[in-house]
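Beneath this line is the structure, given in structure tokens, with notes to follow.
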Amino acid sequence: MGAPPVTSPGPPPAGLDGAGAGALLAEVRASAGRVLATVGTLTDRQAREPSTLPGWSRAHVLTHLARSADAYRWLLTVARTGTEPGPRAGSAAPDRAPREGAGRGAAEPAADLRNSLDGMFAAAAAMPAERWSTPVTALAGWRHPAWFTLHRAWRELETHHVDLDLGRSTADWPTGYVAWALDGTAAALAARGFPVARLTATDLGRDWALAPSGPTVSGPGHALLAWLSGRGSVERLRAEGLRADGPLPGPPGWPLPPVPGWG
């Protein structure tokens with residue numbers, strides 16, 4: 001069998017039609033359903049216990065997810081109506097959300113998350129097909145089409161479900177999510193000069209060329225993504241071309257804005 005095809009990271013997709021947005025929305029709904037099913041069994045004690053994120057309890061993570069869903073609903077409403085639906089949360093909102101979650105038991109953050117997700121999905125369901133390509137601006141200042149908001153929500157749900165440390169691992173990530181996230185992450189790393197020559201997802205039959213030189217790193221796709229997202233070690237990965245006794249380079253903070261982006 002020949003070597004798997006090499007993918008040179010390129011630009012994000014140019015667009016997504018209504019059918020494509022519907023398929024993506026179904027993936028996000030499924031991801032949200034899995035998170036809510038996990039949260040539905042949470043006890044007050046478990047909600048106050050630490051997540052895998054330093055300094056965050058599970059209630060902190062749920063509160064963060066709820067505020068993220070609110071932000072995505074706001075962006076989708078702007079894309080649909082052309083009008084801001086009230087004031088937008090400022091740059092302090094991500095830091096404030098964990099503080100709001102401190103000390104909460106299970107019922108309040110679970111209901112908060114469910115309500116926020118319901119609002120986000122209602123905004124998505126109301127979106128006319130022709131409005132999915134409308135540009136919106138992330139809180140960090142970079143722009144993207146409205147449909148990419150669904151990708152961002154998918155990433156938040158899948159990533160933080162693992163962070164809850166309630167039995168779901170990176171090995172449980174859907175294959176489609178892993179492939180999409182690796183495509184975007186590889187493109188962003190290549191643009192930033194990350195000193196790894198190539199990534200190979202052995203289970204996906206996918207290769208990404210990042211740099212003209214450096215080590216090559218291979219392993220299951222979910223293990224690659226876990227390492228690059230700061231949610232897994234290199235133990236399940238194979239690195240070739242390292243200097244003697246040299247460690248793999250540490251990946252930058254994740255997630256990264258899409259590269260080259262939409263302007």
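Below, all heavy atoms of this structure are taken into account, side chains as well, without hydrogens, waters or symmetry copies. A quick note: this is a predicted structure, and the numbers were derived from the prediction, not measured.
- Side-chain atoms of Ser68 come within 3.5 Å of backbone atoms of His64 as a donor-acceptor pair (strictly under, hydrogens ignored).
- Remark: side-chain polar atoms of Arg131 are paired, donor with acceptor, to backbone N or O of Ala79 under 3.5 angstrom.
- Considering all non-hydrogen atoms of both residues, Leu248 and Pro215 come closest at CD2-CG, 4.2 Å.
- The two residues Ala106 and Leu42 make their nearest non-hydrogen contact at CB-O, 3.3 Å.
- A side-chain donor-acceptor contact under 3.5 Å links Gln46 to the backbone of Thr43.
- When side chains are defined from C-beta on, Leu164 counts as touching Leu62, because their heavy atoms get closer than 4.5 Å.
- Side-chain atoms of Thr149 come within 3.5 Å of backbone atoms of Ala146 as a donor-acceptor pair (strictly under, hydrogens ignored).
- Between the side chain of Asp165 and the main chain of Ser51, no donor-acceptor pair closer than 3.5 Å is present.
- Ring orientation note: the planes of Trp56 and His60 are nearly perpendicular, at an angle over 60° on the 30°/60° scale.
- Shortest non-hydrogen contact noted between Val259 and Ala188 is CG2-CA, 3.8 Å.
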request  = Given side chain to side chain contact (heavy atoms under 4.5 Å, CB included), test Thr52 with Val61 step by step and report yes or no.
outcome  = CA-CA 10 Å; Thr52 62; Val61 175; over 6 Å; no

Original post:
Are Leu24 and Trp180 close enough, and set up right, to give a side chain to side chain contact (heavy atoms under 4.5 Å, CB included), and what steps lead you there?
Top reply: CA-CA 11 Å; Leu24 176 56; Trp180 166 77; over 6 Å; no

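- For CD of Glu130, the number of neighbouring non-hydrogen atoms (other residues, nucleotides, ligands) closer than 6.0 Å is greater than 12.
- A 4.5 Å side-chain heavy-atom check between Val78 and Thr83 finds every atom pair outside the cut-off.
- Residues Trp147 and Trp262 bring their aromatic ring centres within 6.0 Å.
- For Thr41 (side chain) and Thr38 (main-chain N/O), a donor-acceptor pair under 3.5 Å exists by modelled atom type.
- In this structure the side chain of Met120 never reaches within 4.5 angstrom of the side chain of Asp70, judged on heavy atoms.
- Remark: Arg152 fails to qualify as a cation-pi partner of Tyr72 under the 6.0 Å distance and 45° angle criteria applied to the six-membered ring.
- Looking at Thr185 and Pro255, their side chains never come closer than 4.5 Å, going by heavy atoms from C-beta outward.
- Within the 3.5 Å criterion, the main-chain N or O of Ala69 finds no donor-acceptor partner in the side chain of Arg73.
- No close placement of the Trp173 and His161 rings is indicated, their centers lying 6.0 Å or farther apart.
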request  = Verify side chain to side chain contact (heavy atoms under 4.5 Å, CB included) between Leu228 and Leu182, making sure each step is shown before the conclusion.
outcome  = CA-CA 9 Å; Leu228 294 172; Leu182 284 175; 4.2 Å; yes

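- There is a side-chain donor-acceptor pair under 3.5 Å between Arg143 and Thr137.
- Ring geometry, Phe194 versus Trp227: the interplanar angle falls from 30° to 60°, so the pair is classed tilted.
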*asked:* Would Arg45 and Glu49 count as a salt bridge (Lys or Arg N to Asp or Glu O under 4.0 Å) here? Give the steps.
replied: CA-CA 6 Å; Arg45 177 182 59 80; Glu49 288 175 344; 2.4 Å; yes

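- By the 30° and 60° cut-offs, the orientation of the rings of Trp142 relative to Phe148 is perpendicular.
- Here Arg198 does not pair with Glu240 in a salt bridge; the nearest charged N to carboxylate O distance is not below 4.0 Å.
- A salt bridge does not link Asp172 to Arg34: none of the charged side-chain nitrogens sits closer than 4.0 Å to a carboxylate oxygen.
- Although no hydrogens or angles enter the test, the distance criterion places no donor-acceptor pair under 3.5 Å between the side chain of Thr200 and the main chain of Asp207.
- Under the side chain to side chain donor-acceptor pair (under 3.5 Å) test applied with Asp163, the options Arg58, Arg168, Arg231 reduce to a single match, Arg231.
- Classification of Arg67 and Asp112 as a salt-bridged pair holds, one side-chain N sitting under 4.0 Å from a carboxylate O.
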